[in-house]
Every structure is written in structure tokens, then in C-alpha cells.
2 protein chains.
Amino acid sequence: MIKRTKGVTISQVADAAGVARSSVSRAFTRPDMLSPETVTRIMKAAEALGYVPNHTARALSTGRHGNVGLIVPDIANPFFPPLIQAAQLEADRSDFCIFLGNTEENPKQEDKLVGRFAGQVEGLVLASSRLSDERIRAHAGLLPLVLINRDIDGIPRVLIDSGSGVREAVEHLAKLGHRRIVYVSGPSNSWSNKQRRTAIKAAASRLDIVVETVPAVLASYNSGRNAVSAILATGATAAVAFDDLTAQGVLAGLSEKRVSVPSDFSLIGCDDVLGAVTYPALTSVSNRSTEAGRVAVSLLLDMLQSRAIRDVRYVLETHLVVRNTTTALR
Amino acid sequence: MIKRTKGVTISQVADAAGVARSSVSRAFTRPDMLSPETVTRIMKAAEALGYVPNHTARALSTGRHGNVGLIVPDIANPFFPPLIQAAQLEADRSDFCIFLGNTEENPKQEDKLVGRFAGQVEGLVLASSRLSDERIRAHAGLLPLVLINRDIDGIPRVLIDSGSGVREAVEHLAKLGHRRIVYVSGPSNSWSNKQRRTAIKAAASRLDIVVETVPAVLASYNSGRNAVSAILATGATAAVAFDDLTAQGVLAGLSEKRVSVPSDFSLIGCDDVLGAVTYPALTSVSNRSTEAGRVAVSLLLDMLQSRAIRDVRYVLETHLVVRNTTTALR
DNA sequence: GAGTTCCATGCAACCGGTTGCATGTCAAGT
DNA sequence: ACTTGACATGCAACCGGTTGCATGGAACTC
């Protein structure tokens with residue numbers, strides 16, 4: 001059986017060291033205000049008693065608890081773990097802790113989480129939020145907010161411009177001789193999906209390539225797989241998928257239909273989350289999710305410091321990473 | 001520019017409703033103690049002012065803040081996201097929030113995070129902790145702790161018994177005619193790695209199969225890929241890898257050496273995190289990470305309720321999921 | 001040696017809730 | 001009509017820190 005030791009308070013330390021509570025407090029927060037001897041005496045007493053400042057009490061009186069929240073739609077989507085990791089690391093550098101929320105792609109759940117987090121975090125990062133602009137604006141009125149992959153005026157945001165990479169993807173396919181391609185689209189309410197579809201169409205029309213869109217409903221392996229018949233029906237010779245997961249599903253679906261990649265069909269993913277880890281290595285549009293997570297948290301911490309909200313719009317460009325699922329048309 | 005509204009306090013609501021602060025407090029926490037009319041009057045006033053109870057203040061006086069911590073060694077390892085997701089969901093059901101910590105496989109960082117979390121969480125789940133038994137015991141003395149994939153007497157723990165699945169894997173290979181196999185091992189300080197290696201050796205010796213161990217240092221794609229030469233040098237016809245990531249690396253390495261899977265070589269992964277999402281579909285040992293996350297949090301919440309620590313040892317069995325990377329020896 | 005500064009420390013109010021106990025009111029019991 | 005009890009509400013202490021201001025003594029000035 002393990003017994004719990006309960007908290008040592010500042011008063012106990014003060015008694016032990018023969019000083020006032022305020023001095024103990026200052027020994028920990030502003031030691032320069034005290035004489036060095038007093039500080040060491042207090043520290044010794046604190047050490048001996050095993051004193052640890054109570055985070056909650058400190059938060060109550062200062063109003064700063066050193067926590068930030070991070071809300072993502074789906075942790076299981078491989079796009080997010082690196083983002084979360086980077087956010088965590090960045091927060092850690094400033095001794096902040098991260099509250100993590102997963103919304104299951106559900107705006108109601110997202111609203112609920114924001115509410116639960118508000119009050120225990122100093123600020124919030126919303127990644128790929130599924131909330132309406134109005135809801136986001138409303139939340140931003142209550143606490144500092146930074147968005148990732150949502151573009152709302154007046155709210156600091158970090159945008160991964162997959163457009164630039166997608167453009168390269170189309171150019172790459174054009175150079176390989178493909179004239180008819182498919183875009184396997186993702187969730188219709190996703191900002192990234194709109195961005196990618198728009199970029200593809202623009203690039204294709206510029207290069208005189210025909211694009212058809214096949215919807216994959218969700219960004220998932222199975223949707224990609226189920227989309228294969230529709231993809232082949234278009235007569236296209238190459239496809240760009242909304243993300244790597246979808247692409248991987250398409251890959252599997254094609255292989256089941258004995259269409260081999262890349263000799264019979266070229267395929268490009270987005271986000272580059274699986275490309276380097278699977279076989280055949282997927283040609284994909286790089287994502288900058290790590291930077292996005294880092295920058296978003298760093299921006300948020302800046303806001304907390306300066307107490308001012310600047311209208312930042314931080315754009316991260318992406319590029320095509322060519323691997324082994326694309327080849328020249330014979 | 002967005003301006004922040006600052007907190008409405010219980011006193012303001014009390015004034016507005018013409019009652020004492022304590023009544024407002026009770027209206028929110030124990031409405032049964034008040035007359036229904038008073039409650040509605042208070043609620044109306046609160047609503048009008050936009051009052052939201054201050055979580056921190058409440059936590060300070062009650063000692064309960066409704067947060068639990070979850071610490072994992074590597075979010076980017078696909079084993080963990082489903083675990084985190086399930087933990088989150090379970091916490092959510094009881095209106096708890098999750099603090100997430102990522103240790104980068106570093107015990108120092110883990111220790112630091114535990115320290116930072118303690119004091120703002122009511123309890124902690126340590127998944128695949130890299131800490132020593134002593135450190136874990138020490139932490140368990142300070143706050144309620146539940147372990148995942150660490151087996152320490154006296155501390156509640158959830159164990160994923162990959163042994164059972166690994167045994168099935170060896171039996172499967174034996175049935176296919178393989179007599180000489182390789183275990184591509186993972187991090188040496190990992191509990192799961194020990195468990196898997198032990199299970200393989202036991203099963204193999206029982207079935208009269210030769211096992212050689214090839215280390216892959218880290219559980220990663222590249223380590224697996226680099227291990228291929230050593231694997232082939234053993235003359236084995238099949239391999240079981242520490243996890244799916246490693247297996248995927250081995251797959252890539254084999255393919256580079258023109259060894260095709262499964263016709264020339266059979267390969268089995270562990271954790272089943274990629275098998276269903278890549279091509280060719282990887283035969284793998286199922287993981288139960290979702291259940292593990294859910295059960296661990298549920299156990300922790302139970303502990304918090306009853307304030308008692310039971311010595312729970314919850315074991316989740318695993319099974320082999322046969323897909324397309326294993327075949328009979330010709 | 002008296003006046004002025006400056007520094008180290010203590011005092012006490014405050015952050016925003018919760019809760020044990022006291023008080024007052026009203027209805028039921030006899 | 002008087003007691004008794006139940007119930008609704010208020011009072012004030014408390015959770016564990018932080019911080020503006022007051023104080024006292026030492027050093028410094030002239």
C-alpha cells in the first residue's frame with residue numbers, strides 16, 4: 001500500500017525558516033528582493049520539508065497558470081501527432097503545459113472542449129477547427145486564440161499553404177505527360193480541401209490539363225479505396241489525393257484491380273505523413289505540421305506576454321516530394 | 001481588434017441577485033440546498049452577467065481540479081494516438097480534462113513533466129514509462145498513478161500482453177514451414193520488447209524453431225531498414241519485428257535488395273498500426289492500445305473517487321492478424 | 001550627529017470560490 | 001399558544017499563494 005504525502009504549505013516553510021510567508025513567496029518568485037542569506041535559509045527549510053509551490057494557488061492570485069490548450073479534430077490522423085509534438089516542445093521551452101483536446105471532427109464537441117478549457121488555460125490553439133467563423137470569433141473574445149489552417153481576419157493564424165506544393169504536383173504530372181488527372185477530395189467543410197482543390201484547378205487550367213474531382217467523403221483509407229472505381233471511370237492517368245491516408249487507400253484499391261503504380265497509374269498524396277514510411281514510397285506534398293505547431297504556440301506565448309493581439313497571418317509554403325509513385329506516361 | 005472581457009465573479013452575481021456569495025456558490029454546486037425560486041433567480045442573474053465559475057478558484061478550495069495527466073514517450077509513434085484518443089474520450093465522459101506530455105523517450109524529460117503536472121492534475125497515467133521502478137514508486141507516493149505497459153507491484157497497471165499474439169505469430173510461421181526466423185528487436189529498455197522477445201523464444205523452442213535476434217536500436221522505420229543486411233545474413237526465411245514501423249522499414253529494405261515479400265520472405269509486425277493502411281497489408285499482432293487508454297483512465301478515475309489504491313493488474317490479450325506478408329515456404 | 005536614502009522584511013488585503021456553523025422563519029406537533 | 005424541527009440563507013474562515021505599502025535599521029551625506 002502506498003500512502004500519499006499531503007502538501008507542505010508556504011506557512012510551514014515560513015515558520016521553519018523564521019520569516020514571514022511573503023518572504024518565502026519572494027524567495028521563489030523574486031529572490032533578488034531578499035538578502036542572499038535569507039534566500040538560502042528559506043530554500044534550505046523548503047528543501048527539508050519537501051515544499052513545492054502550489055500551482056493552483058499561484059494561478060489564482062496571479063491569474064497566470066502556465067497552461068495552453070491545443071484542440072485538434074482527430075489525433076489519429078497522422079497529420080496531427082507531429083504538430084502536437086512540436087507544440088508540446090515549444091510550450092515546454094517556456095515551462096508551459098499543454099491541455100490536449102480531440103473533437104472527433106465534431107463542432108459541438110469542439111465548442112464544449114473550448115468551454116471546458118477556458119478558465120484553465122491562458123490561451124488556445126485551434127488546429128483545423130471545424131467551428132464556424134462566428135463561434136471562433138466569439139471564443140477569441142474570451143481568451144487569446146491562435147488558429148492553424150483557418151483563415152479568419154483579425155485572429156492570429158498559421159496557414160500551411162499546400163497550394164504551392166499542389167501546384168508543383170500538377171506541374172510534375174504535366175511534365176511526365178499526363179493530360180487528364182483526378183483530384184480525390186477530402187471533407188467538404190475542410191479549409192485545406194478547398195485550398196487544394198482550388199490550387200489544382202488553377203494549375204491544371206494553366207497547363208491545359210483536364211481535372212475531375214472524385215469525392216472521398218472522409219479523409220481516410222477506406223474512402224480512398226472506395227473511390228477507385230470512380231477514379232478509373234474518368235479515364236485519368238494520374239491522381240492527386242486530398243491526403244496521404246486517402247492516397248494509401250487509393251493505392252490499395254488500384255492494386256486490387258491489378259492497376260499497378262506507378263507503371264499504369266501515377267499517384268500523389270498530400271501531407272507527406274506516410275510516404276517515407278511505406279512501400280512503395282509515396283510521392284507527396286510536404287506538410288509543415290511541425291513548424292505549424294511550433295509557430296502557433298510561439299505566437300500564442302508572445303500574445304500572452306505582450307497582452308496585445310496582432311493580426312498575424314503566418315504562411316508556410318509546401319513543396320512536392322517526389323518518390324516512387326509517379327512516372328512518365330508511356 | 002478584439003477586446004477581452006474579464007471575469008465576472010461570484011460576488012457580482014450575488015449582488016445582482018440580492019443574495020450572499022455562498023448562495024450563488026450553492027446554486028451551482030448543490031442547488032438542492034436552496035429553494036427553487038432562489039436558484040432560478042441566481043441563475044438568471046448569472047446568465048445575464050455571463051458568469052462562469054472560476055475553475056482555478058474552485059480547485060484551490062476543493063482540492064479537485066478535474067484534470068488528469070497522460071504521459072507518453074513518443075506521440076509520433078502510431079501506437080499512441082489511438083491510446084490518447086481513447087483516454088481523452090474516457091476522461092471527457094467524467095468531465096475531466098487531459099494534460100498531455102511527450103517525453104521524447106527521455107527519462108529526464110519524463111521526470112520533469114511528472115513534476116510539472118503534479119499539482120495541477122489529480123492523477124497521472126504513464127504509458128510505456130521509461131523511468132526506473134524507483135522513480136515511478138516515488139511519484140506514486142505523491143499522486144495517484146496508473147501505468148500502461150509497465151508491471152510494478154502495488155501500482156495499478158494495464159498491460160497489453162503481446163506475448164499471446166506473438167506466440168500465435170510463431171505458430172503461424174511454423175505452420176507455414178518456416179524453421180529459422182529472426183526477431184528484429186526494439187529499444188532494449190522497453191518492457192514490451194522484453195515481453196515480445198521472451199514470448200518468441202519460448203514459442204520457438206517449443207516448436208523447435210531457431211530464432212536469432214537482430215537489434216534495431218530504436219523502434220523506427222530507418223532502424224528496420226538498416227537491419228535488413230543482418231537479417232538476411234542469418235539465413236532466416238521469416239522475421240517478426242518489434243513493431244509495425246520497424247517492419248515497414250524491413251519491408252522497404254528487403255524490396256531494395258530485390259527480396260520480395262511474401263514470396264521470398266515472410267514478415268510479421270507488432271501493434272497493427274499500419275497493417276490496414278499500407279500496401280501490401282502487413283500481417284501483424286493486434287494491439288489493444290485503445291482499450292488500454294480507456295481502461296487506464298477509467299481505473300484512475302475510480303481511484304480518485306474511492307481515494308483508495310487497489311493493486312490492479314489488468315491484462316489485455318492480443319492476437320495475430322493475418323494479412324498478406326506471410327506465406328508458406330516453398 | 002541629525003537628516004536622508006535605500007534596502008530587507010513584515011503586514012494585511014486580495015485572488016474567487018467552498019463550507020461548517022449560526023441564525024432566522026415558518027409550519028407542524030401537542 | 002408554545003415548542004420543536006426542518007429548511008433556507010447568511011456569516012466568516014479557509015484553500016495557498018502574491019503583492020502594494022508600511023516599517024525599521026543600516027549606510028551615507030553634509
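Proteins get letters first, then strands, A, B, ... in listed order; numbering begins at 1 in each.
- Listed by first then second residue, pairs satisfying side chain to side chain donor-acceptor pair (under 3.5 Å) with a partner in residues 108-118 of chain B read A/Asp92-B/Gln109, A/Asp92-B/Lys112, A/Asp92-B/Arg116, A/Asp95-B/Arg116, B/Glu110-B/Ser129, B/Asp111-B/Arg135, B/Asp111-B/His139, not counting sequence neighbours.
- Partners of A/Phe99 according to the ring pair (Phe, Tyr, Trp, His ring centres under 6.0 Å) rule, which considers only residues two or more places apart in sequence or in another chain, are A/Phe117, B/Phe99.
- Inter-residue side-chain proximity for B/Glu134 and B/Arg137 is flagged as unmet; no heavy-atom pair is nearer than 4.5 Å.
- Pairs passing the ring-ring contact (aromatic ring centres under 6.0 Å, His included) check and including a residue from residues 43-78 of chain B, sequence neighbours excluded, read B/Phe28-B/Tyr51.
- In this view, A/Arg294 satisfies the salt bridge (charged side-chain N to carboxylate O under 4.0 Å, His left out) rule with no residue, not counting sequence neighbours.
- Salt-bridge annotation for B/Arg313 and B/Asp153: absent, with no side-chain N of the basic residue lying under 4.0 Å from a carboxylate O of the acidic one.
- Taking the 5' to 3' direction, DNA chain C first and last meets chain A under 4.0 angstrom from a heavy atom at C/dA8 to C/dG16.
- For A/Phe80, there are no ring pair (Phe, Tyr, Trp, His ring centres under 6.0 Å) partners at least two apart in sequence or on another chain.
- Rounding to the nearest 0.5 angstrom, the gap separating the CD1 atom in A/Ile84 from the CD1 atom in A/Ile98 is 9.0 Å.
- A heavy atom closer than 4.0 Å to some atom of DNA chain C occurs in B/Arg21, B/Ser22, these being the qualifying members of residues 12-23 of chain B.
- In this structure, A/Asp32 has no salt bridge (charged side-chain N to carboxylate O under 4.0 Å, His left out) partners at least two apart in sequence or on a different chain.
- When the local axes at the two ends of the helix from C/dG1-D/dC30 to C/dT30-D/dA1 are compared, using 5 base pairs at each end, they differ in direction by 40° after rounding to 10°.
- Contacts with DNA chain D (heavy atom under 4.0 Å) in residues 24-39 of chain A: A/Ser25, A/Arg26, A/Thr29, listed by number.
- Remark: B/Phe79 engages no residue in a ring pair (Phe, Tyr, Trp, His ring centres under 6.0 Å) (not counting sequence neighbours).
- For the atom pair CG of B/Asn67 and CG of B/Leu124, the computed distance is 11.5 Å after rounding to the nearest 0.5 Å.
- For residues 68-80 of chain A, the set of pairs meeting the salt bridge (charged side-chain N to carboxylate O under 4.0 Å, His left out) definition, not counting sequence neighbours, is empty.
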